[in-house]
4 protein chains.
Amino acid sequence: MSAQRALRSDAKRNVEALVESARTHFAESGVDAPARAIADTAGVGVGTLYRHFPQRSDLVIAVFQHEVDACAGAAPELAATLPPADALVAWLRRYTDFLGTKKGLGKALHSGDPAFEALPEYFLANLRPALESLLVAAEAAGEIRSGVNAKDFLYAIANLSVPVVDDASGGGNDMVGLLIDGLRHTARS
Amino acid sequence: MSAQRALRSDAKRNVEALVESARTHFAESGVDAPARAIADTAGVGVGTLYRHFPQRSDLVIAVFQHEVDACAGAAPELAATLPPADALVAWLRRYTDFLGTKKGLGKALHSGDPAFEALPEYFLANLRPALESLLVAAEAAGEIRSGVNAKDFLYAIANLSVPVVDDASGGGNDMVGLLIDGLRHTARS
Amino acid sequence: MSAQRALRSDAKRNVEALVESARTHFAESGVDAPARAIADTAGVGVGTLYRHFPQRSDLVIAVFQHEVDACAGAAPELAATLPPADALVAWLRRYTDFLGTKKGLGKALHSGDPAFEALPEYFLANLRPALESLLVAAEAAGEIRSGVNAKDFLYAIANLSVPVVDDASGGGNDMVGLLIDGLRHTARS
Amino acid sequence: MSAQRALRSDAKRNVEALVESARTHFAESGVDAPARAIADTAGVGVGTLYRHFPQRSDLVIAVFQHEVDACAGAAPELAATLPPADALVAWLRRYTDFLGTKKGLGKALHSGDPAFEALPEYFLANLRPALESLLVAAEAAGEIRSGVNAKDFLYAIANLSVPVVDDASGGGNDMVGLLIDGLRHTARS
DNA sequence: AATGAATGAGCTTTCATTCAT
DNA sequence: CATGAATGAAAGCTCATTCAT
């Protein structure tokens, strides 16, 4: 029994290493990153990559979901260690980081490949509750204004934080900062 | 002499065909579109492509500048044929179309390749005056609110019109429409 | 002790399943059929295949001998249940079936690999006596002509039944039928 | 004009080298011979192989037709330099050599790939007239028996000369020899 | 003894780039 | 100047074979 588990844990470690490696390569070179490079970074042979992710879309999906999970998972952790408003701010930073990584996946996600159809739903299903819990807590503490819609907020930040035209003076993230500040300073509005 | 001129005009025609072909392919398949495909669509051999654009970045830059020129050039044309506010709206639509095409170039532009460093400046140097002239005319006519900063507006629309996360309810472009409507309806603010 | 026997019978079952599976795959896809497919069809892991047949040639030989054995073994069975001439005809059909399967092995057998050197001898050592017994019985019963050489007959049918050039009018097998008919109808020659 | 021809002649030389190389490799290793090996032997890059023969079947067909052409083309040459019966015999030897090479193509030809459908017809359309001309001449000279059907003879030799079971005592080709001898010695039958 | 995960060589195929014509 | 044939590096993917469990 334990012997079987040992084999599985090896395989599991490989899968995790592959997803982590793919995440890095996707962020740097887009989703067309060479399979060999991904396998090398993960410390496995290409065959192992193909065993676990026969289609490239399988790997893209795994990375995306892994990212969403990690981002959503950060919410309760932050809520447990920071005051409500700080937790919210910290999580929004975390979320914008995630969006930065996701940029590489963009083209693939909109490629029309049916394999990716479920991803937007997955995105919303996991991140909306995560943000909502933080918003509610901050509202309850009177630290931010009330009535903020989690879904709209999620999209608004997504749009603001992925500038197409690089403003040398630093547009995008500053606007996110502004948005966050706005939330806090209008707590009594 | 005339033979040389004929040759030059041939070459010029080839260059134009190549830029136009590249524009189409970049928009459809990104900047990694096969050189052969670009050459074929342009009706020339690949050798000709490489003669005029030894580096792929040369072609990317040419396409980008061509697009910026075309977009900027539309401003006076529209100003000449439409009432100020309509000209402004029409040009903003033209600008969002340009942004859509430019999406494909995004990754290349942010690749860190020094060849692309000058492009943001080129973008601003050409489009800001174009927008400014339209804004000034519309303001002068009392058709829109005053005090709109051309540069900020350019960036804001860029960010709004290229949604990373597809909001099923439409988000991005609707916000652009909203922005434009806002300009007009607050003319007297 | 009984545990060991049980183990052995398991192993034996695996070997048989592998040979049977290999026979099928060889017939369909040639001797280069994927090891994984053979193992899967046999219901075992690839490791088991390699344990019992370290070299591919080991498996090819096993299949060939298995086929020869089965074909040779059919002779006494048929002789016991059919009149001599019918048994002969039935066995010849069985033999041509075998030849059909063997086609897939052909290239391997003639590859010059020393592992296969003994196979022609095995072929003859088993099938000649099988055919001879049937011929003798039929001759003795006066149902076929006498003086037919078993070895020559074996080869003649082999050559006739594996047409290289497809005659649309059906050459090969019809000629085998003709040969058999000839045997019977010239019983008194 | 001549410049263009020069380029074409290079390309033509490459095509010929590729067909010749493929013929050799197909004969030795079957039609699955590595593309790289074929290209190397031909002294060209793999890309050149794929330029001229995008599909493997294209190459197989080219080799087959090249072989048929060469074999058919040998008939008039032999007829011009040898007495009718000798020319016939010499050509039949040439034909059996061709059949030997063709063995490697066999599996591909019967694979059901529609690309190969036209080949049997090509085979017959070229080789039947070649053989017929030689038979007629030999008959006219009274050197062989008359009434031999070229198509049947073509198939008969094909079947006889490609033994599936290697007769150590040399079956196949001897039977062809016998057949030929039979033709000659029954000239007056 | 059986399993199947892992490996990596090897194959097909594509395509950027060069260069002879 | 234009052409497009040729090149060969690079990448995806498969599968024979090994070996830890």
Side-chain angles (χ1 to χ4, degrees), chain A residues 1-15 32-40 42-56, chain B residues 3-4 6-8 10-11 14 32-40 43-56, chain C residues 3-4 6-8 10-11 14-15 32-40 42-56, chain D residues 1-15 32-40 43-52 54-56:
Chain A
M1 208 161 70
S2 63
Q4 295 241 345
R5 295 267 169 117
L7 194 57
R8 279 191 191 166
S9 73
D10 270 18
K12 194 179 174 187
R13 200 168 306 145
N14 282 338
V15 168
D32 292 329
R36 184 120 10 158
I38 296 171
D40 285 352
V44 304
V46 281
T48 303
L49 189 163
Y50 281 97
R51 164 178 289 273
H52 294 297
F53 305 98
Q55 308 292 331
R56 172 149 304 237
Chain B
Q4 292 236 344
L7 224 45
R8 276 189 192 167
D10 270 18
N14 282 341
D32 293 329
R36 179 91 36 118
I38 296 171
D40 285 353
V44 304
V46 279
T48 303
L49 189 163
Y50 279 96
R51 165 175 298 277
H52 293 299
F53 304 98
Q55 307 293 330
R56 165 132 328 213
Chain C
Q4 292 237 343
L7 227 42
R8 277 189 193 171
D10 269 17
N14 282 340
V15 168
D32 292 328
R36 178 93 36 122
I38 296 171
D40 284 353
V44 303
V46 281
T48 304
L49 188 162
Y50 280 94
R51 166 175 297 274
H52 294 298
F53 305 98
Q55 307 293 330
R56 169 142 314 225
Chain D
M1 209 161 71
S2 63
Q4 295 241 343
R5 296 265 168 121
L7 195 56
R8 279 189 191 169
S9 73
D10 269 18
K12 195 179 174 187
R13 200 169 306 145
N14 281 339
V15 168
D32 293 329
R36 179 115 19 147
I38 295 171
D40 285 352
V44 303
V46 281
T48 304
L49 190 163
Y50 280 95
R51 164 177 289 274
H52 293 297
Q55 308 292 331
R56 173 152 300 239

Per-residue pairing states of DNA chain F in dot-bracket (Watson-Crick or G-U under 3.5 Å; . unpaired, | other strand) read .||||||||||||||||||||
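- Applying the 4.0 Å criterion to OP1 and OP2 of E/dA5, one finds that A/Thr48 has every side-chain N and O outside that range.
- For D/Arg36, the side chain to side chain contact (heavy atoms under 4.5 Å, CB included) partners are D/Asp40, D/Val46, not counting sequence neighbours.
- When rounded to the nearest whole Å, the span between NZ of D/Lys12 and C1' of E/dT21 equals 18 Å.
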Reading nucleotides 11-18 of chain E from 5' to 3' and marking B where a protein heavy atom lies under 4.0 Å of the base, S where only the sugar-phosphate is that close, and - otherwise, the string is SBBB-BBB
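- A close approach under 4.0 Å does occur between a side-chain nitrogen or oxygen of B/Asn14 and OP1 or OP2 of F/dA2.
- Side-chain nitrogen and oxygen atoms of C/Arg51 include at least one within less than 4.0 Å of the OP1 or OP2 phosphate oxygen of E/dA1.
- Between A/Arg13 atom CZ and E/dA6 atom C1' the separation is 14 Å, expressed in whole Å.
- Projected onto DNA chain F by closest heavy-atom contact, B/Gly43 and D/Val15 fall at different nucleotides, the more 5' of which corresponds to B/Gly43.
- Here F/dG12 presents its P atom at 9 Å from CG of A/Leu49, a figure rounded to the nearest Å.
- Nearest heavy atom pair, residue D/Arg56 against residue D/Pro34, reads NH2-C, 4.2 Å.
- Residue C/His52 places at least one side-chain N or O closer than 4.0 Å to OP1 or OP2 of E/dA2.
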